[in-house]
Structures are given as structure tokens and as C-alpha cells.
K.L.:
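This is the structure, below, for whatever I ask next.
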Amino acid sequence: MVKSLTLVGCLFATLISHSAGHFLMLYPPSIGFDDALEATPPCGSFTVDFSKDNVTDFHVGGDVLAMQSFHPQVTWLFRATLDLTVSGNWTDLLPAVQQTGLNSFCEPSVAIPASWAGSKGVIGLAADSPDGILYQCLAVNFVTGVGGPQSVCKNETGTTATFVADPVLSSLPASAAATSSTGTSTGTATSTATSTSKPSSANTAYGYSGFGMLAWVTVVGSATFLACLL
Ligand SMILES: *[C@@H]1O[C@H](CO)[C@@H](O)[C@H](O)[C@H]1NC(C)=O
Ligand SMILES: *[C@@H]1O[C@H](CO)[C@@H](O)[C@H](O)[C@H]1NC(C)=O
Ligand SMILES: *[C@@H]1O[C@H](CO)[C@@H](O)[C@H](O)[C@H]1NC(C)=O
Ligand SMILES: [Cu+2]
């Protein structure tokens with residue numbers, strides 16, 4: 001009885017904390033964040049618009065990407081493109097990196113191809129999470145040099161990270177051709193990729209799901225259950 005009350009309490013706590021976001025971009029600022037639509041590729045439902053976005057200088061010699069994760073485990077893919085329509089042509093900036101542990105995670109020195117200095121561009125984050133792939137984009141000016149340290153750039157105590165092979169992230173469409181069949185079909189392509197790679201994924205313990213409410217609650221419920229057992 002006490003145990004089940006505890007579990008209900010845990011579920012509530014997780015639902016509440018989860019409503020703060022699947023993940024937040026701490027630095028540079030994202031072009032937008034909508035918790036409910038963060039699973040919409042390629043930018044979590046937002047459109048790049050340099051006349052309105054909070055545009056940051058990003059140093060090609062290495063600069064900061066700081067996130068806050070609300071999942072006990074998430075695998076990050078950092079990509080960039082000079083295509084301001086964000087229809088594709090992504091270049092991976094690092095191999096997929098898996099964060100284990102909640103909250104702050106920061107890569108202090110993410111490098112960009114040197115020849116991109118002087119161009120506007122978009123950095124895209126794709127996070128493989130128990131809720132599916134989550135997206136945010138950053139509108140940036142690529143500039144020469146190395147970025148200074150940012151106080152927001154830190155790793156939560158106890159958080160660990162390793163480079164991993166993530167078949168779901170590596171099967172995301174990267175080319176303009178692959179992504180431009182978008183509209184309705186990006187979702188299909190993504191979920192096909194998701195379900196095909198499911199058995200080999202490191203995150204299988206949490207299970208992947210579609211983005212329906214029921215599935216979401218189920219996944220959150222099981223994640224909570226696991227979290228509460230720990
Ligand atoms: C733009 O982002 C910076 C962080 O890099 C933040 O300090 C600033 O308040 C943001 N500006 C607006 C208008 O949101
Ligand atoms: C893709 O981006 C590269 C720069 O990395 C550029 O040289 C190339 O023209 C782009 N291709 C397309 C199809 O936009
Ligand atoms: C956070 O952890 C990653 C992976 O271990 C590491 O590369 C990075 O430098 C750490 N960030 C900070 C700010 O120490
Ligand atoms: Cu989530």
C-alpha cells in the first residue's frame with residue numbers, strides 16, 4: 001500500500017518535472033521551444049528566421065553547446081547546415097554522445113568546418129530520448145576563432161557521457177534530397193527508421209513510441225517506474 005502510494009507519487013513528480021521540457025537549450029539560445037512539439041523535425045516545429053531569431057556568434061574553432069535534459073538518459077546528435085531553409089545538407093559535428101543522468105550537459109568546444117566562418121547557419125540538435133527524437137535549432141553566425149567559456153557550460157555532478165553508435169540518429173535524413181520529401185513524409189521516414197533500429201538501440205530498455213498521448217504517458221510511466229526503483 002505504502003509502496004504503491006510512493007509509486008503514484010513518483011509518477012506525479014515525474015509528470016510535473018517532465019512538463020518543464022524534454023530538453024532545454026541553455027546556450028546558445030534556441031530559435032524556439034515547444035514542449036508538445038519538440039518531436040517535430042527538423043527544428044521542434046520552429047522555422048529559422050534571422051530577422052526575428054536570437055542569433056549568436058558561434059566560433060568555428062570550437063564553441064559551447066549547453067543543454068538541460070529531463071530524461072535519465074538521452075543521446076545527443078549535434079549537426080549544422082548552411083542551408084537556412086533547414087531542408088537538409090546536415091554535417092555531423094560530433095559522433096552521437098549519450099548522457100546518463102539528468103540536467104546539465106555541456107560540450108565546451110564543438111568545432112565547425114573552418115570554411116564556414118563568415119556564413120550564417122543553423123545548428124540542429126536531435127536528441128534520442130524515451131519520447132522519440134526531439135529537435136531544436138539554433139540560428140548562428142559562424143565566426144573565426146574559439147568561443148570563450150560560458151558560466152552556463154557545466155555537467156551535472158554524477159552525469160556521465162560516452163560516444164555511442166545510435167542507429168536511430170545515424171539514420172536521420174542528412175541530404176537535401178532525403179529531407180525535401182518532407183511535409184508528411186518526414187514523420188513517416190523518422191518513425192520507420194525508429195522502429196527498424198529499435199532492437200539494436202542502446203535505449204531499448206525505455207522503449208520507443210509514437211508521439212501519441214497514450215504512448216507518451218506509458219513511456220513516462222515506465223521511465224518513472226524505473227527511476228523510482230533506483
Ligand atoms: C538572446 O540570448 C542571450 C543568450 O545568449 C540572452 O542573454 C538574451 O537575453 C537573448 N535575447 C533575447 C531578446 O531573447
Ligand atoms: C551542402 O553544404 C556544403 C557546405 O558544407 C555546400 O558546399 C554544398 O553546396 C551544399 N549542398 C547543397 C545541395 O546545398
Ligand atoms: C561534459 O562531459 C563531456 C563528456 O564527458 C565532456 O566532453 C565535456 O567536456 C564536459 N563538459 C564540461 C563543461 O566539463
Ligand atoms: Cu521527454
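Atoms within each ligand, like the ligands themselves, are counted from 1 in listed order.
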K.L.:
Should you measure from each heavy atom of Asn155, which atoms of ligand 3 turn up under 4.0 Å away?
P.N.:
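Under 4.0 Å from Asn155, ligand 3 has these atoms: 1 (C), 2 (O), 3 (C), 8 (C), 10 (C), 11 (N), 12 (C), 14 (O).
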K.L.:
Listing by chain and number, which residues have a heavy atom under 4.0 Å from ligand 1?
P.N.:
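Ligand 1 is contacted, at a heavy-atom distance under 4.0 Å, by Tyr27, Pro29, Asn54.
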K.L.:
Could you tell me whether the side chains of Gln98 and Thr162 share a donor-acceptor contact shorter than 3.5 Å?
P.N.:
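No, Thr162 and Gln98 have no side-chain donor paired with an acceptor closer than 3.5 Å.
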K.L.:
Show which atoms of ligand 3 fall inside a sub-4.0 Å distance from at least one heavy-atom site of Cys153.
P.N.:
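Answer for ligand 3: 13 (C).
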K.L.:
Could you list which atoms of ligand 3 come closer than 4.0 Å to a heavy atom of Phe105?
P.N.:
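So the answer, numbered in order with elements, is 1 (C), 2 (O), 3 (C).
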K.L.:
Go through the side-chain N and O atoms of Asp83 and Ser87 and say whether any donor and acceptor fall under 3.5 Å apart.
P.N.:
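Short answer, yes.
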K.L.:
Please could you name the atoms of ligand 3 that Glu107 approaches to less than 4.0 Å, counting only its heavy atoms?
P.N.:
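Taking each heavy atom of Glu107 in turn, ligand 3 has 7 (O) under 4.0 Å.
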K.L.:
Can you list the atoms of ligand 3 that are under 4.0 Å from a heavy atom of Ala161?
P.N.:
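Near Ala161, meaning under 4.0 Å from one of its heavy atoms, ligand 3 has 4 (C).
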K.L.:
For the residue pair Trp76 and Phe105, does the interplanar ring angle fall in the parallel (under 30°), tilted (30 to 60°) or perpendicular (over 60°) class?
P.N.:
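It falls in the parallel class, under 30°.
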K.L.:
Only heavy atoms of Pro108, strictly under 4.0 Å: list the atoms of ligand 3 that pass.
P.N.:
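Listed by number with element, the hits are 8 (C), 9 (O), 11 (N).
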K.L.:
Hey, does Glu38 have a side-chain heavy atom less than 4.5 Å from the side chain of Gln136?
P.N.:
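A side-chain contact under 4.5 Å exists here.
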K.L.:
Can you tell me if Asp53 uses its side chain to pair, donor with acceptor, with the backbone of Val55 under 3.5 Å?
P.N.:
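Not at all, since once roles are kept as given, no pair shorter than 3.5 Å links the two residues.
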K.L.:
When you compare the side chains of Asp49 and Thr47, does any donor N or O come within less than 3.5 Å of an acceptor on the partner?
P.N.:
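Asp49 vs Thr47: no donor-acceptor pair found between side chains.
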K.L.:
Backbone N or O of His71 within a donor-acceptor pair of the Ser69 side chain at under 3.5 Å?
P.N.:
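Yes; judged by distance alone, with no hydrogens or angles, the pair exists.
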K.L.:
When only distance counts, is Asn89 in polar contact with ligand 2, meaning an N/O pair under 3.5 Å?
P.N.:
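In this structure, Asn89 places an N or O atom under 3.5 Å from an N or O of ligand 2.
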K.L.:
Check for a donor-acceptor pair, side chain of Thr75 on one end and backbone N or O of Val97 on the other, with a separation under 3.5 Å.
P.N.:
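Side chain of Thr75 to backbone of Val97, a donor-acceptor pair under 3.5 Å: no, none is there.
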K.L.:
Salt bridge (Lys or Arg N to Asp or Glu O under 4.0 Å) with Asp92: which residues, sequence neighbours excluded?
P.N.:
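Salt bridge (Lys or Arg N to Asp or Glu O under 4.0 Å) check on Asp92 returns nothing, list empty.
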